[in-house]
Amino acid sequence: MTGSGRGLGRAYAQALAHAGAAVVVNDVDDDVAKESAESIVRAGGRAVAVVAAVGSAETADLLVGTAVERFGRLDIMVTNAGALRDRTLRNTSDEDFDLVVGSHLRGTFTCGRAAAARFREQGGGGRIILVGSPAGQRASFGQTSYSASKAAIVGLARTWAVELERQNVTVNAIVPTALTRMVATIPGLAGHVEAAMRGEPVPAALRGAGLGTPDDVAPLVVWLASDAASDVTGQCIAAGGDRLAIWSHPVEVVSVMRDGGWDVDQVGDVLPLILREHRQEFRPAPLNIPGDAPGGKKAS
């Protein structure tokens with residue numbers, strides 16, 4: 001479980017451990033990685049911490065090797081880790097882009113590849129659960145690098161599902177939404193994030209909009225890792241608050257044919273007519289945030 005020292009990753013790790021899995025807890029922060037693993041052990045589970053930044057093949061091999069050495073085999077790989085550098089396009093530096101893509105996308109690639117190799121060595125069978133985001137499905141202002149990474153991760157899930165099917169390995173992507181530090185900068189949500197971290201109930205309006213706590217997302221991860229989901233692969237499934245949803249794969253909305261192809265004038269004659277009816281919305285739907293955020297601040 002990469003990126004499982006805090007937030008959503010920690011909730012996934014604890015839920016899997018509660019379900020009987022032995023967990024390799026990975027994080028770049030030594031203290032939170034060890035504390036997350038220790039919390040699982042205190043609850044009667046099995047866990048070990050590995051402090052390392054994902055992205056390199058060496059880290060991926062270390063994580064898989066630790067699982068095999070400490071627990072005998074590898075059955076599940078969940079790729080949750082990644083860094084954030086929220087910047088608009090004009091403010092995104094090469095270093096920002098490389099850091100975000102290197103952790104999210106390359107980290108997913110190297111860990112998925114290492115897991116697939118180990119599953120093959122074990123004779124087949126296994127679960128790979130990749131972590132996407134609404135930012136990879138719809139527009140997310142100021143998240144050039146993150147959106148690109150998360151969209152690509154869902155693409156990996158589809159491709160790997162095809163490639164690993166004969167090995168009885170399922171590959172799915174989840175799209176989690178929860179009140180964590182990552183969404184605290186969204187107008188109107190900071191107070192709700194603070195309240196959720198204090199253990200206060202999440203307002204029904206937010207839960208209905210798909211925003212709850214990390215614990216609301218964890219059951220999906222556990223189910224996808226279980227035998228019950230042995231025939232579920234290549235899917236992109238969202239969870240958050242009271243909502244569980246399946247994202248569609250990209251499909252053609254409409255197509256038209258013309259013998260001999262199209263010149264510029266013909267495209268200009270036909271395409272605007274089609275777009276009148278089939279233009280696709282790329283902006284995210286607005287959140288239904290309660291008017292008064294905790295602490296007496298008006299949500300905007």
Side-chain angles (χ1 to χ4, degrees), residues 2-9 26-29 52-57 59-60 78-113 129-160 171-190 192-193 209-211 214 217 236-240 245 247-251 253 275 279-287 289 299-300:
T2 70
S4 50
R6 54 168 63 93
L8 283 161
N26 162 251
D27 205 281
V28 294
D29 187 317
V54 299
S56 70
T59 293
V78 185
T79 60
N80 177 71
L84 281 178
R85 291 294 185 274
D86 287 354
R87 305 280 193 274
T88 57
L89 174 60
R90 69 175 182 172
N91 293 318
T92 299
S93 67
D94 290 358
E95 292 76 18
D96 291 335
F97 187 84
D98 289 345
L99 175 65
V100 175
V101 175
S103 58
H104 285 282
L105 182 55
R106 184 176 176 82
T108 295
F109 159 65
T110 55
C111 288
R113 182 178 61 182
I129 301 171
L130 311 185
V131 180
S133 166
Q137 305 296 104
R138 300 288 288 271
S140 185
F141 188 92
Q143 292 194 311
T144 286
S145 309
Y146 183 70
S147 295
S149 300
K150 289 304 190 181
I153 285 169
V154 175
L156 289 181
R158 298 186 186 110
T159 296
W160 291 354
V171 187
N172 294 285
I174 66 170
V175 177
T177 49
L179 291 167
T180 66
R181 295 183 307 162
M182 283 183 61
V183 302
T185 58
I186 297 175
L189 287 186
H192 292 294
V193 171
L211 278 172
V217 182
C236 184
I237 306 172
W247 280 93
S248 67
H249 300 314
V251 296
V253 176
L275 285 171
R279 187 183 298 269
Q280 300 298 290
E281 179 55 63
F282 59 91
R283 298 174 182 84
L287 283 173
I289 300 174
S300 59

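The figures that follow rest on heavy atoms only: side chains count, while hydrogens, waters and symmetry mates do not.
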Report task. With rounding to the nearest 0.5 Å, note down the distance linking NE2 in His104 to CG in Leu84. Result -> 5.0 Å
Query raised in the report: Where the side chain of Ser147 meets the backbone of Ala135, is there a donor-acceptor pair that is under 3.5 Å apart?
Result: yes
Report task. Starting at OG1 of Thr92, measure out to CD of Glu95 and round the result to the nearest 0.5 Å. Result -> 11.5 Å
Report summary line: For Pro176 and Pro134 the tightest heavy-atom approach is O-CD, 3.8 Å
Report task. Check whether any side-chain heavy atom of Leu179 lies under 4.5 Å from a side-chain heavy atom of Leu189, and answer yes or no. Result -> yes
Requested in this report: Answer whether the closest heavy-atom distance between the side chains of His192 and Leu211 falls below 4.5 Å.
Outcome: no
Query - Ser149 side chain to Leu105 backbone, donor-acceptor under 3.5 Å - result: no
Report summary line: Taken to the nearest 0.5 Å, the spacing of Asp86 CG from Asp96 CG works out to 10.0 Å
Report task. Write down the atom of Cys111, the atom of Thr79, and the distance for their closest heavy-atom approach. Result -> CB-CG2, 3.9 Å
Query raised in the report: Looking only at heavy atoms, what is the nearest atom pair of Lys150 and Ser133, with distance?
Result: CG-CB, 3.6 Å
Requested in this report: Kindly say whether Val100 contributes a backbone atom to a donor-acceptor pair with the side chain of Ser103 at under 3.5 angstrom?
Outcome: yes
Query raised in the report: Pick one: which of Val154, Ile174, Asn172 meets side-chain contact (heavy atoms from CB on, under 4.5 Å) with Cys236?
Result: Val154
Requested in this report: Give a yes or no answer on whether the side chain of Thr2 reaches the backbone of Asn80 with a donor-acceptor pair at less than 3.5 Å.
Outcome: yes
Query raised in the report: Is a side-chain donor or acceptor of Thr177 paired with a backbone partner of Gly210 at a separation under 3.5 angstrom?
Result: yes
Query - Closest approach of Gly136 to Ala151 (non-hydrogen atoms, all atoms of both residues) - result: O-CB, 3.4 Å
**Report entry** For the student: nearest non-hydrogen atoms of Trp160 and Thr108, plus distance
**Finding:** CH2-O, 3.4 Å
Report task. Please answer whether the main-chain N or O of Arg106 pairs with a side-chain N or O of Thr110 as donor and acceptor at a distance below 3.5 Å. Result -> yes
Query raised in the report: Which heavy atom of Asp27 sits nearest a heavy atom of Gly3, and at what distance?
Result: OD2-C, 3.9 Å
